[in-house]
Structures are given as C-alpha cells and as structure tokens.
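Everything on this sheet refers to the single structure shown next.
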Amino acid sequence: MDLSVTRFYNLQSTEQRYQYTLHTLYQRLKAEHCVIGKFVNNGSQVKTLHYLHDGQLRDNFLYELAGTPCSDAKEQNYVCLIDSKLQQLYPKDELLNVLDIHSYLGVTLRAPDNKAVGILVCMFNEPFTVSDKDKQWFLELSLIVATELSHNLEMAAKELLLKQLAKGERIAKLCSWSWYITQNQHWFSHQMSSLLHIDSNEASFDCFLANLHCDDSQKLTKELELVRQGKINKFDMLVSHKNMSATQGLLHIVGEVELSDEHVNERVLRATLQDVTYTSSLNRQLELTNVVFENASEAFMITDHRNKIMMVNRAFEQQTGYCAAELYGEDPAILSSGKQPKQFYKSMWQHLQQTGFWKGEIYNRRKNGQVFPEELTLNAVRGDDGKITNYVAIFRDISNWKRNEAQLTFYANHEALTGLLNRRSFMLSLDKYLDKSYGFFNLSLVFIGLDRFKEVNDIFGPEIGDKVLIAVADRLQSTLKRKDIVSRYGGDEFALLIQQLQSDQVIKYAQQLKQRLSEPYMIDELTIELTVSIGVAHLDAKNKIHGPTLVRNAAHALSSAKKQGRSCVALHDEATQSAYLKKIKYRDKLKHALRTDALSVYYQPVICIKTSKIIKFEALIRWFDDEFGTVSPAYFIPIAEEFGLIHLIGQYVLETSCRDLAMVHSKGFKDISFSINRSINEFQSSNNQMALIPESIERFGLPYHALTVEVTESMAANKYTWRVLRVLRKKGIQIALDDFCTGYSSLSNLIENQVDFVKIDKSFMDSMGEDRNKQIMVKYLVDLGSQLGIKVIAEGVEQSDQLQMLCDFDCHLIQGFIFSPAKPIQECLQMLKKYQQVPIPIKQRNC
C-alpha cells in the first residue's frame, strides 16, 4: 500500500479521497473505467460518487443494478473478477455494450455491520487478468473506501435526522431545553429564538425569563428552585410571552430530571417548550362548541358515513324521549313515523348526495309513539378526499309553529268576530267555484243586508251589535248545505254561495232565509228584532261570468231590495244591470267633465218682495254633455254622492261662485250675495269645510257675509254639521236651511241653532193653493221667522196665485221661474244692470 492510507486520510475532503483512490487504481491496473458508487433506492440502483474514464473525471450517473455484474458482486464478500466474455454473460446490461466493456473487477463496499453500502469497480475494454497480489491490494483498498463511504452515509443520516428534528420543532413550534443543574448551564435548541421572537444569538436563560410575563417568570423561577433543591423531579406548566397575541405566545413547558450521560452524578433537567396558542384556542373552541352542542335548543344528531348514529345532544333526547345510549349505532329510521312515502326519502337522499344539503319538514315519532312535525336540516360532511365522512342533522320541533300557522291561516281567511270567511277568501273561493261550475252546475250568489243595524249599535251599543252579528252568522251556518259557503262580506252584509238550484228555487230559499233571520234575537236578556233585505244573482251553468261581476249583480239586487222598502228579496235582472251600467257611464263622464272643466255654474235670482229688488243669487251646477245633452242635477248629483265625487263638485261650485261674485262686486253691485249648497258627504272631517270655505272667500277678497251656505234640514240634524256651521256663522258667513217643511222639520233647529234663512221647498209650494193647511203652515212659518229674525225664502214659485199668497203672508223673499230660471253669470250681470233703477215687475201683487 506504500503511503496510500496515510496520504488518503491526509486529503481534506471526501471528494479528493475518492479522486485519489480512482487515480491510484488507474495507474496500477490501467482500467479504462474506474467507479466508486453507492447503493440507493433500497439497493436496486447504483449512483456513482466518482467516475474516471481513461484517467479523466467524468459526470456521475445512475443505473439499474439488476442484470449487471455489480448485482453479482454485491452478493459476494470477496473480489469479483470476470476476465472475458462479459457482454455474453450479461446481455441485458446495455452499459457494457455502449462502453464496449469486456472484463470486470469489482468488490462490495460494506459498513462495519457488514451492510452493503456501495461498490468499487474497474472495467476494461479488453480481456484482462488480475494477479492474486493485485486482488488483495484491490480488496484492502476497498476497505479504506468502504470506511469513508460508511462514515459519510452515517453523517449524512445524522444530518438528515437533525434537519428533520429541526423541521419538526419548527412545525410543532417546539424547543428543546437542557439545564445542567450543578453547573447551572442552560442549552436551548435553535427554535427557542423563534418562540421568543429574538435573534438566535440572544437565546439564553435570562433572555427567556425576561421575555415571559412577569407573573409567569416568577412562577417558573420558583419551580426551577424546587428542582434544584431536589424537591421535585418533574413539572408541567403554562407560561405566556409578555407580547402574547391571539395566535402565538402561550408556551407549554414539560420538564423531567435525569442523570447525565457525560458526567457522573450530574443531574440534568430535560424539558420541551411548545407554543400551544393555536392548540389551546382550538381546545377552547372545541369546549365552547361542545357547550353549544349540548345546550342548543335545536336537536342535533351526527351520524357516520354509513348513516349510523354517533352523537346526539340533550335537546334531541328531550325532544324524542330516547337517551343517547339507546341511539348509538342505530339508523335514524328508528324515528320514522311512516307518514312520508318512500319516494319522499328517496328524493331527499338524492338531493343530499348531489348538493350536500337538504332542508324541509318531516314527521317523526317519539319513543312514546307520538308523531310530531319537525323542521329538518341535513348537511353532508366531506373529508379532504371529497368522500362523505359524516351527516349532521338539526331537528326543530315545529308543533307549536304548526298550530300557530293554522290559526294564522284561519284568521287570514276568516273574519275574526264571526269566524266566517272574510271578503278576500270568499272572492278566491268564488273564482274557483265559477271555474268548476261552467258547463256543469248552476251557482247563485245571495247578498244579505241587515236593515237598520246602525240603530241597534246606536241604541244598545257596539258590544250588543257584535253579539247580534255572531248570532246571525250562526243562523246562516245552520242553514247551509255542505258544499255551500258563507262570508261576512263587510259591516252588516253577508254573502252566500249556493250551488245547483234553479232561480225560482233560490228565491224560495231566500224567502225562507229572510224569515229565519228576521226572528227575534235574545241577547243578554234583551230581545232584538231585525229585518233583512236580500239580493240574489243567479248564474246558469251554460253562462260564464267573472267573480266581481257576479258580486256586483248581487249587490245591485240587494240595493233594489232595500229601495223597495226593506225586508224584501230581489233578483238581479237585465234592467237592474242596464241601469247600473248607465250609472257607471255617467260616473266616468262626470269624472272627465271635472278634469276638463266642462261643468258650469248658473245663478237663479232671489227677490225681495217688499223692494222688488234682486238681493242674492243661488249657485246651481249645470252639466252639458256631448252625448247625453243637458244632464239634470237631480240625476247626476246622486251619482256623485254614491261614487264619492260630490266634494269635487262642491269645491268647484264654491271657487267658481266666489270668483263670479268678486266680478259682480267689481261692477258696483256690492250688496249682492251668493248662496251655495252643501251635501252631507261634504261635511266630513277629512273634507274640512271650516277651512275650505273661508279660504275661498278670502282668496277672492270677499266679505264673509257675501256668502250663504245652504244645507238641508235633515242634514243639519247631524251634530258635527251644526258644529261646523256655528264656526262658519261666527266668521260672518250666512246659513240657510233648505227643503224646510219636507217632513223632517224640527222647530227646535230654528231655536237652538241660529240661521239666517229658511227655504220652503218647491214641493210644498206646488200644493199650497189647494191645501189650506199648508197655507196656514207657510203663514205661521213667515210670522215665526220674522219674530226670530230669520228671513223666509219661498222657492219654486211659478204661478201668480202662489206669488199673491206669499205677498199676502208678508213672505220675505221669493225664488222661481215666475221671475227667472238660473242663468249664466253674464246674463245675471245684465239682469242686475237692467233692474238697478227700475223695480222688478211682479204682477198681481198687493204688497
């Protein structure tokens, strides 16, 4: 070996030693290929560590061991020599062909435990024979190389282990700590600097204590003192970094004392420090989750991937009556009520598998057999591989909710007082019946109105009124057949839908119903007597009609029954419908006239008998339509009242009259005043006449006394109306009672409520000539007015004998065709100019 061993170990690196070895082989054996390789991949391959070709260093390579001479050499403990026919012996070794190798010399490199770790090889391009002396030298050289390779592999393994340990500490946020107690020396692994957030050079025990929270630093110092004194040999504690956050800084220290391997009787504390902030947070979350799970009001159930029950919470036990131990390992089907068909569960599972979620209502059975409704929410939990690992079910008992829902549904569809269907629900049912009845059976809609029910409320109070309505509803329900339906349509009106009767049968039924409902009602020891009016709309199976139209027809029939004198039954016919349609057409025309300012105001003069002068005019609305011509106020005013247009007409008359009167005053006739009529529907709190009338007067600069507000005496019986009139009169606006002597007259109205004018109705004038009683009444009224300071206006004066009587009675004012009908404002102005100086010629008067 000469100086080979000494020189080998004097070299600085393994690389140089391997290079020296192969150059020595090349010089001595003249081998074209010299290789040092190590076994890798469980010995199935060789990776060259150093490769010399013709004395020159070449790139390393990796080759498969199977089917090569190295495979045989690996199994031997001696030098393997194949001096010829190498390619024929190993035909699968392509490397031999590529390098044109014909002879082989190799030996396995083994570790001290005889484990094969590599191989030393020389390969020749020609057949080559090696002497025994060279073999021995080759073998001894391999032992030196094997020692080097084994040492390197061991060091590499240790380095890998250290790297893995360091990586493990880094991942686990773990640090190793050794305290040599007698020497009082501390050693920390590299991860300590990361745990304390300091430079690696600063990691010391004092630095460790300084970076802990003050209380924890003192606690750890006391614990270590007990270890030093030998009072304890192990400890386990939590300490926190002084800059602890929600994600880091909570340190778990576990330490135990052991004897040192290096020093006899030397006690060493071996400890680990681990940042457990995240783990501690997870544990707290887990504890909180468990608290929520156990104390949740909803019932929870968790099953495995086979849908076997794993966990249930306390609410689940209370809800089902099963304890957890009875359910573990069971299929949730144990709760099945059998109310849902198999297709329901099949559809549920298909949806759950496809989407991972299902929610719906289901009926389950408690342990005691009781079936109850639940709201069920299912979630499929999947693992990292996407496969389902668990199912989570949340159950909520909705028994109370279902009961409340049923009640809400009932009250949404039924009227609260009587329990009958309300209008909305009745109309929905009506539409369904109309669809079904067409071509199959007759339908009849019966509308019932309680006559003078308002008087019952006014006399006995609303509580008794409500009890009457309930009693009426009970009687109606007792008369119905199974397929018929009844509704409290609104207020004191009820609606019945009757099937499969002819029109004459329906009328007969309605008559019987009227008689039944008109029987006395015994309410709280009171006997309440009522009559009812009934309207019937009949629909043959062959006809088709919309629900609102059928309701409208029945309502018209009810209106007709009431107009006949109440306590009547009326059947809707074409004439009624035609009249209604005509009324609707007039309504729409009237709306258009109001929008387009197509109405006009005419004025009829009022004349003082004593002076023969015009002292005022009454404003009267006029309407001329392109289609209908002149429409009488007697016709369109009731339509305006019925459809809520009267307040628009009244406001139009008010503003037009004030504007025209201001123009009359500007022409010098400042003593002239105007009268405007007001309807009962205009005296509503929502239509504030106390503000509207004065505002119009003021806008046109008129004095308050220039305007007279006329109301019918029947309307003035209303307390609210008188309250408004008193406010207006206090401002100076004059008040007139119209239609006096028409049957509702009350002298107390003249005494208790101050008015300025009383108007005797035209109907009273028409028969005064032949009726002495009326003559006496008119004279008495004129005398009474004179004594009370009230001027009496006789309207509708058309005949000379009427005028003569009024003159004889000393009537104050007259109004009628005997002098002039109502005329446009310009003609009225001409009339004033004409009779400004000349008295009005009133014939046959002896005044």
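This chain uses plain numbering: 1 for the first residue, then up along the sequence.
- Nearest heavy-atom pair, Y489 versus M427, reported as atom, atom and distance to 0.1 Å: OH-SD, 4.1 Å.
- At most 12 heavy atoms of other shown residues, nucleotides or ligands fall within 6.0 angstrom of atom CD in E463.
- In this structure, F643 and K583 have side chains that are in contact, with non-hydrogen atoms separated by less than 4.5 Å.
- If you run side-chain hydrogen bond (donor to acceptor under 3.5 Å, both in side chains) between D756 and each of H705, R729, K791, only R729 comes through.
- Figure legend: cation-pi geometry between K582 and Y635, with NZ or CZ positioned under 6.0 Å from the six-membered ring centre and within 45° of its axis.
- Across L571 and A557, no two heavy atoms sit closer than the pair C-CB, 4.2 Å.
- Taking 4.5 Å as the limit, some side-chain heavy atom of N677 sits within range of a side-chain heavy atom of E618.
- From I607, atom CD1 reaches atom CZ of F819 across 4.0 Å, with rounding to the nearest 0.5 Å.
- In terms of modelled atom types and a separation under 3.5 Å, the side chain of E493 and the main chain of G449 share no donor-acceptor contact.
- The side-chain heavy atoms of K562 and L558, taken from C-beta on, include a pair separated by under 4.5 Å.
- The shortest side-chain heavy-atom distance between Y602 and S600 falls under the 4.5 Å cut-off.
- Counting non-hydrogen atoms of neighbouring residues, nucleotides and ligands closer than 6.0 angstrom, the CZ atom of R622 exceeds 12 such neighbours.
- Contact between V782 and D810 at its shortest, heavy atoms only, is CG1-O, 3.4 Å.
- With contacts defined as side-chain heavy-atom distances shorter than 4.5 Å, the pair I825/T656 does not qualify.
- The environment of K779 atom NZ is sparse: at most 12 non-hydrogen atoms of other residues, nucleotides or ligands sit within 6.0 angstrom.
- The minimum heavy-atom distance between G465 and V456, with the atom names listed, is CA-CG1, 4.4 Å.
- F447 has its side chain within reach of V551: a pair of non-hydrogen atoms, C-beta onward, lies under 4.5 Å apart.
- In this structure, Y603 and D660 approach most closely via the heavy-atom pair OH-OD2, 2.5 Å.
- For the residue pair Q830 / Q826, no side-chain donor-acceptor distance below 3.5 Å is found, with atom types taken as modelled.
- For the pair S696 (side chain) and E655 (backbone), a donor-acceptor distance under 3.5 Å is absent.
- Checked against Q604 for a side-chain hydrogen bond (donor to acceptor under 3.5 Å, both in side chains), the options Q815, E795, K616 give a single hit: Q815.
- Between the side chain of D738 and the backbone N or O of E710, no donor-acceptor pair lies under 3.5 Å.
- Looking only at distances, no side-chain donor or acceptor of E827 sits under 3.5 Å from a matching main-chain atom of P824.
- Counting only heavy atoms from C-beta outward, the side chains of I614 and F669 never approach each other to under 4.5 Å.
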- Message: Applying side-chain contact (heavy atoms from CB on, under 4.5 Å) to M765 and V778, what does each step give before you reach the verdict?
- Response: CA-CA 9 Å; M765 288 289 103; V778 171; 4.1 Å; yes
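- Inter-residue side-chain proximity for V664 and F617 is flagged as unmet; no heavy-atom pair is nearer than 4.5 Å.
- A distance-only check finds a donor-acceptor pair linking the side chain of H665 to the backbone of I672 [under 3.5 Å].
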- Message: Would L654 and R678 count as a side-chain contact (heavy atoms from CB on, under 4.5 Å) here? Give the steps.
- Response: CA-CA 10 Å; L654 171 64; R678 275 293 176 264; 3.4 Å; yes
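- A donor-acceptor contact under 3.5 angstrom links the side chains of E641 and S679, judged on distance only.
- The nearest pair of heavy atoms linking C608 to I615 is CB-CG2, 3.9 Å.
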